[in-house]
Every structure is written in structure tokens, then in C-alpha cells.
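So the structure is just underneath, and the comments pick up after that.
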Amino acid sequence: MPLTQAQITRFLKSVHPYDALSNDVLEALAPEVEAWEVEQGFSVYDAGEKLAGLFIVHEGQIEVSDENGVVVSHLGVRNSFGERGLMRDGLAATSARADAHSVLLVIPPTPFHKLVEEHEAVAKFFNRARAPRKQERSLATSLVQTLMAHSPVTCTPEETVQVAARTMRERRVSSVCVVKNDTLAGILTTRDLSGKVLAEALPVTTLVADVMTPDPLTLSPSAIGSDVLHAMMERKIGHIPIVEAGKLVGIVTQTDLTRFQAVSSAELVSEIAHANTPEEMAKVTARIPTLLVQLVAGGNRHEIVTRLITDIADTATRRLLTLAEEQLGQPPVPYLWLACGSQGRQEQTGVSDQDNCLFLDDAASEADMAYFEALAKFVCDGLDTCGYVYCPGDMMATNPRWCQTVSVWKDYFNGWINTPDNEAQMLASVMFDLRPIGGHTALFEDLQEDTLKAASKNSIFVAHMASNSLKHTPPLGLLRSFATIRTGEHKNQLDMKHNGVVPVVDLGRIYALQGQLTAVNTRARLVAAQEAGVLSTSGGRDLLDAYDLIAETRLTHQAALVKAGKAPDNYLPPSDLSDFERSHLRDAFVVVKGLQSALGHGRGMLG
């Protein structure tokens, strides 16, 4: 089916990112584009072949598989493929064949690269390697939506000043927004109450409408901190309502600005380190969601955000250990408290439970166990009070199984390595993420080195661990769709933990095992695996890009929930993403699935 240049131009206008190009650019591109008509079963290209260009499905359906023959995608009309190879070395990273009679548009390499070089929309769409993000957060340049308090306290103009004052006292706020017929009519502040009501001896039955500031200055959520600062200084005001599409959505006060500048991981760490009770610490850890929002809004990379948040958990744990010793007395033998799971990997987000254990010196007697049982209970209870809820799988030091001498722990690891059944695989996966938090670190050093060496040399154990690591798969569906959760509370949403970051976490753990790498953090493991040759340069680069995008999408989702006044979670509706974001997130999942496929076929490297 021959296509005219006008038909090609019209079709490209309906496909992102070409819809962002001018008519002149598209008309100049059309003569360069080839139209291929292929029958069902036709091989468009095989992995490793030189690509003829970027392919766009005009009609029909294409099946894409990785180099091991595992199908990773079925593409329909307007979907493109072949871009990974063109953006790298011109060689196909996958194989593609026609699932049905199809018509493909092919943009040859030269005009494709010209589009990428000359047009930002195209470059952004095809280049997953994003520019470095700003590390520091700035009050002056942060969006108002990251500064404002959501769900502002309101009243009606017909209420009395006494009722309004009582509301302000009960809600512990210094102002109320006055709303009439869902529209902002004014604002009443404590300054109005003191200067207009109290100073003039007005009766408490005075109406709010008589003393409020009508039609106050407002800003939109898209304004920046500088707008707030300048308006407050120029007009000598301390409260600015935030309005979007005529609807009141928040308010920014001088207290909010102070809080934004004051909330930092260092500040929280300092307050926790000086707290005297778990309840005092809980008041500090309650501010972690606010910190998460600010760190994400400030452009910090995901591994920086999670590291700073994990530092707070580490500090809380060490402070609880100190408080426990003050209450219980000096420990009878040296001990070491270790974290596993996300805390062990320094990857905690706004949603984290606790996973921990205790290593005891071999001199510990049966009588000494009562002390450590009490210590473990004090610390785990304290962590739960601080919001780090008890582990659903009971992977905690309060479980006698995970509060043992070093010799017993060595027996545990040897048993898991030599008899890698399902439980052994699960437990080894958790325990390979151990990181010392407080106590005598020497109790762990030799064990870590010896265990990595023994585990890496046992090919059967490594094979079982590799197989176990493939149980969590990226949420890829057919026709470039996502495989969302099918039923329950989170129906039609993506699980950005178990199907997002966990598959990469599992891959990183296997690479560390294969290379006897001591890093525990997932990104650090991927970098170390690449440097050690366990993971190829190209495979490592793709996987790092994919992991960064998946992890940052997860954090951005959590921050958005917090800003909306909700609890952060890991369940992301794809509809919350733009077409651009969905396309690149799916590409990231395809990369992860490709690495899983390589591992499943007995190869830890991707060429």
C-alpha cells in the first residue's frame, strides 16, 4: 500500500513527539521516510543487526522479543521501535517480526539523528539519559504547591468573630479563609481580631464580614517562592491564599516559609539524637513526608532522597539503642544491631516498615538472652511508635530466630547456601542486604566476606537465587499497555514497589553475589557490577537509566500524594502520567525485563 507524502505527514502529526514539530519540518521529513509493507511472520530485524532506521507502526501489529527470544512487547498503530539501537550504536537490541500484515514507516538513521539534534521535543522523547538535576533546594525558586498548606481552614462571612476565633484556636492556625458560595470572599487573621475587634472593643457577635480583609491577594499553585516572599514584604502581610481555577486549594503563611527552610534531614537527625522518649522521636519522624516532598521538589536524585530519609531511621535506631541501655544497663556481651530490607540498602521512602536483627558475641549465655530480648522489644516498639511499623513477616530482632550469636548466624548462612530451598532463597535474599547500624561492627565483617565468597562459589545456590530473583516482573502488558493490578483496592494501578523497583533490587543483589561485591545499596551494586565486568557497559548503562526513571517516578508519586494531604503509597494509576512519561516508563520496564531474561538464560551480562 503506497503512501503519499501528504499521508505520511498527516500520520506523523498524530504521533508523539512529531506532533510537536512544525508543518515545514514534517513536510521536509516526509520524502525521507520509507513505507514498508510486510506480511505476517516477516522478520523486520534480528538482535545485533544494523538497523534500517526508526520504525513506526502505521498499520498492523509487531512482536518485539529480546535476544533470547522472549517476547517483551506487542506494538500497534503509532507505536515506534528500534530507537534504543539508534540512540546507542545503530545495532538492534531486540528482534522484531510482523504479527499480522503491517505497514511500517521507517525514518532512516541520518534524518532521525538530525531530528534528535535539532528538536528538543524529539530529543527528550528518545533520550532516557536525563540531564543532571539540581541538587540544592531553594525557597525562592520552589513552586508554591510545595510550600502551601493544603485544606486551609475556612468559615463563612455570616459567622461571628467569636466562632471564627474559637476555630482558629482549636485548629492552631493564625488565619481562616472566608468562603461564600465556594468562592474566596476574604481572609480573617489574628491581626484582624486584635486590631479591629479587641482594640475597638467590638462585641463578640460581630460578623466576620465586617472585619475581614475582602478580596485578598491570591497566588496560583504554579507561582514560585519568590512571588510569595516579594508579596509579603511589599504588602506587609503574612498570609496568602492559593487559588486555582477560582477554587481555594491552599494557603501559604510565614510559618510555612520558615518550616520549609527549617525542615532538613540534618535538622531531623539532630532532634532525634537529643530526644528522650520514642514519643518525642515520633513527633520528628512525622515530618519525614514533608521532607520527602521538599527533597523531590528540590530536584534531588532518588538515591540522595532515600539515603537522607534512611539516615533518619538509622539515627532513630541508634538513639533507641542508647535509651534501651540506659534503662536496662550495660549489655552483658558485645552485640550488633543490623538492618535489612530497604533500610539496609539505604533506600527508604515515605512508606517503610522495619526489618532488623541482632548479632551477639559468641560468649553470650542462655541467661544473657533475657537482656537482648528486652533490648529488642524496646527498640522495635520504639521504631513502630516512630512510624516504622512492625515487619509483616516478623523479620525483626524480637523474633528469637533473628537474635542469635555469630556462630549461629554462620550456621544459618551455611545452611541456606548448601541447601537452597524456597525458604533459604527468601531468607538469603533478605539477609544479603544486611547493614550494621549500632554496636560492635567487627561481629559482622568476617561473616560478610566469608559468606559472599562461599555463596558465589556455589553454582547451585547462585542458580536458585537467580531463579528466585525473577519472581517479581515489570508490569508489561500487550500493545504498549501496562499490566496493572486486576482486583482489589488498587485495581488498575501499578505497584511501583514489587513490580517497579524490586525487580531491579533483585538483579543488583545477584550481580553483587556473582562478583562478591560488598555494596548493599542497589544503585551502588549496579555501578560496582559494571566496573567489575559482571554487567556489561551497555547493559549497565541501560539498567541504571531504567532504575533511575522507575525509582524517581515512584518518589514523585509519593510526594504528590503528600502534597494532596494523603498518605504516601506505592500504587500509581497510569492515568496520572502524561503520554511522554508513560512511554519512557514502559521503555524502562522493557530494559529490566531484558536483563531478567538474560539472567534467566544463564547469562549475567547483557551485551
Side-chain angles (χ1 to χ4, degrees), residues 335-345 347 355-362 364 391 393-397 399-437 439-472 502-522 524-526 528-529 532-535 595-596 598-605:
Y335 71 87
L336 177 63
W337 186 282
L338 301 99
C340 45
S342 59
Q343 185 183 359
R345 297 189 305 272
E347 293 167 5
D355 298 279
N356 45 60
C357 61
L358 268 172
F359 281 25
L360 310 179
D361 189 277
D362 283 337
C391 173
D394 203 20
M395 299 290 294
M396 298 182 296
N399 184 337
R401 189 178 185 185
W402 311 128
C403 177
Q404 294 290 340
T405 62
V406 173
S407 294
V408 172
W409 277 102
K410 288 181 179 179
D411 290 341
Y412 283 166
F413 277 100
N414 287 334
W416 297 332
I417 293 169
N418 295 326
T419 312
D421 57 20
N422 289 337
E423 184 190 42
Q425 295 169 38
M426 183 273 292
L427 294 175
S429 295
V430 173
M431 295 305 176
F432 273 121
D433 293 347
L434 285 174
R435 182 172 60 88
I437 303 298
H440 295 259
T441 57
L443 295 175
F444 179 67
E445 291 171 355
D446 291 341
L447 178 63
Q448 181 187 37
E449 183 179 348
D450 293 345
T451 299
L452 279 174
K453 186 179 297 183
S456 64
K457 290 180 178 179
N458 189 320
S459 58
I460 296 177
F461 173 75
V462 174
H464 276 280
M465 286 288 288
S467 176
N468 186 66
S469 73
L470 303 179
K471 291 181 179 179
H472 293 100
V502 167
V504 186
V505 169
D506 289 341
L507 285 172
R509 188 182 297 114
I510 296 300
Y511 297 145
L513 180 60
Q514 291 175 330
Q516 298 183 39
L517 308 173
T518 58
V520 177
N521 174 264
T522 297
R525 280 172 166 169
L526 299 182
V534 176
L535 182 62
L595 267 296
Q596 285 187 324
L599 188 65
H601 283 76
R603 298 181 299 106
M605 299 176 65

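Reckoned from all heavy atoms, side chains included, excluding hydrogens, waters and symmetry mates.
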Item to complete: Kindly indicate, with the supporting measurements, whether the criterion side chain to side chain contact (heavy atoms under 4.5 Å, CB included) is fulfilled by Val505 and Glu347.
Response: CA-CA 10 Å; Val505 169; Glu347 293 167 5; 3.9 Å; yes
[atom1]-[atom2] distance between [X] and [Y], expressed to the nearest 0.5 angstrom:
X: Glu423; Y: Gln425; atom1: CD; atom2: CD; value: 11.0 Å
X: Thr419; Y: Ile460; atom1: OG1; atom2: CD1; value: 10.0 Å
X: Leu507; Y: Leu526; atom1: CG; atom2: CG; value: 8.0 Å
X: Leu595; Y: Leu535; atom1: CG; atom2: CG; value: 6.0 Å
X: Trp416; Y: Asn458; atom1: CH2; atom2: CG; value: 15.0 Å
X: Leu452; Y: Leu517; atom1: CG; atom2: CG; value: 8.0 Å

Is the backbone N or O of [Y] less than 3.5 Å from a side-chain atom of [X], with the two atoms forming a donor-acceptor pair by type?
X: Asp433; Y: Gly344; answer: no
X: Ser469; Y: Ala466; answer: yes
X: Glu449; Y: Glu445; answer: no
X: Asp361; Y: Ala364; answer: no
X: Tyr412; Y: Arg401; answer: yes
X: Asn356; Y: Ala397; answer: yes
X: Gln514; Y: Val534; answer: no

Between [X] and [Y], what is the shortest heavy-atom contact and its length?
X: Asp394; Y: Asn399; result: OD2-ND2, 3.2 Å
X: Asp362; Y: Thr405; result: OD1-CB, 3.4 Å
X: Gln596; Y: Pro503; result: NE2-CB, 3.6 Å
X: Gly508; Y: Arg525; result: O-CD, 3.5 Å
X: Pro400; Y: Gln404; result: O-NE2, 2.8 Å
X: Leu360; Y: Cys403; result: CD1-SG, 4.2 Å

Discussion item. Let's go through Leu434 and Phe359 carefully: what are the C-alpha distance in whole Å and the side-chain angles of both, what is the deciding distance for side chain to side chain contact (heavy atoms under 4.5 Å, CB included) to 0.1 Å, and is it a yes or a no?
Written reply: CA-CA 11 Å; Leu434 285 174; Phe359 281 25; 4.0 Å; yes
Discussion item. I'd like to know whether NZ of Lys457 has more than 12 heavy-atom contacts from other residues, nucleotides or ligands below 6.0 angstrom.
Written reply: no
Fill in: Step-by-step side chain to side chain contact (heavy atoms under 4.5 Å, CB included) determination, Ser429 to Asp506
CA-CA 8 Å; Ser429 295; Asp506 289 341; 5.7 Å; no
Worksheet item: Given Met426 and Lys471, is the side chain to side chain contact (heavy atoms under 4.5 Å, CB included) satisfied, shown in steps?
Response: CA-CA 11 Å; Met426 183 273 292; Lys471 291 181 179 179; over 6 Å; no
Worksheet item: So does Asp450 pair up with Lys453, basic N to acidic O under 4.0 Å?
Response: no
Worksheet item: Between Phe432 and Phe461, how do the two ring planes meet: parallel, tilted or perpendicular, split at 30° and 60°?
Response: tilted
Worksheet item: Are Thr451 and Met431 side-chain neighbours, meaning at least one heavy-atom pair lies under 4.5 Å?
Response: no
